Amino acid sequence: MPIDIIPLKTEMQARSNHLRNQGKTIGFVPTMGYLHEGHLSLMRLAKSMADTLVVSIFVNPTQFGPGEDLGAYPRDFERDQSLCRKEGVDMLFYPTASQMYGPRFQTFIALEQLPLHLCGISRPAFFRGVATVVTKLFNIVKPNTAIFGQKDYQQLRVIRQLVQDLDLDIQITSGPTVRESDGLAMSSRNAYLSASQRPSALTLYQALCQTRNRIENGLTDANALIQSAVSLVLSFPETAVDYIAICDPDTLEDIQTVDRPAIMALAVKVGKTRLIDNMML
Ligand code: PAF
């Protein structure tokens, strides 16, 4: 079956209205393309939860800061399209930037607290861009349910919060992080890594596993756990730590003692490639 590629937001809205009027439910997976097994697992989850599966591919300019990799972000629409077809995607929403952001665009969604932590510190405009584009995509695709990966944990928290705060009638479901066989969390940005950088990229997962083991052995001091994780990461070439934090899974505020549910999240640059990962502790 050929996949329906929809470049216009008015057409997407009309198709979604039609489906909803017929009593069909819509499952939605928003992506920036260059799809990998992580995205495909989210599509399978969405398909199991709704009558119709819509995927969007849009490299959203408003979530990239100056000097970030907007221009270099990997793209392969032909391959993405064929992967979507294999997964039984019904509609692929594939807008241009001018379709999404008109010439006088000036309205943004900005959360007050969650972006003050983790990735929001070094990427100050990122969550404003994500929250804005996801809200727009929700208004265009009109899903009953939307699926986001746990690898982008802070993004998932931001989306859940905005859905709650703005009373959006959309169920948000998360899908587990999918890893390569060596443990590296799947990400479109892994395409930037050279073979020699791979061991350095693996330190993110190793630092998470080391922390979890130490906690199992009775260590609870967050600062000491973070320091060991930083030392492990920095012992590999070409690594620079953006942050390694242990925080409350809801507020994302740092915690001092791991005596309650917590999440460790980290962002590390390997050469020029910025990678993130996290683990519930
Ligand atoms: O996670 C992503 O790929 C993007 O941040 C998203 C949610 C598609 C918004 O552009």
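Sequential numbering from 1 along the given sequence is applied to the chain's residues. Each ligand, and each atom within it, is numbered from 1 in the order the structure gives. The structure presented is a predicted model; accordingly, all values stated were derived computationally and were not measured.
Using a cutoff of 4.0 Å between basic side-chain nitrogens and carboxylate oxygens, Lys272 and Glu238 are not scored as salt-bridged. We find that Lys47 and Glu87 are not joined by a salt bridge, their nearest charged nitrogen and carboxylate oxygen being 4.0 Å or further apart.
Residues Met12 and Val54 meet the side-chain proximity criterion, which asks for heavy atoms closer than 4.5 Å. Looking only at side-chain heavy atoms (C-beta outward), Phe138 and Pro143 come within less than 4.5 Å of each other.
Contacts between Thr31 and ligand 1 below 4.0 angstrom, taking non-hydrogen atoms only, involve the backbone exclusively.
Evaluated by nearest non-hydrogen atom to atom 9 (C) of ligand 1, the leading choice among Gln155, Lys136, Lys151, Gln63 is Gln63.
Shown in contact with Val133 at under 4.0 Å from a heavy atom are these atoms of ligand 1, numbered in order with element: 9 (C), 10 (O).
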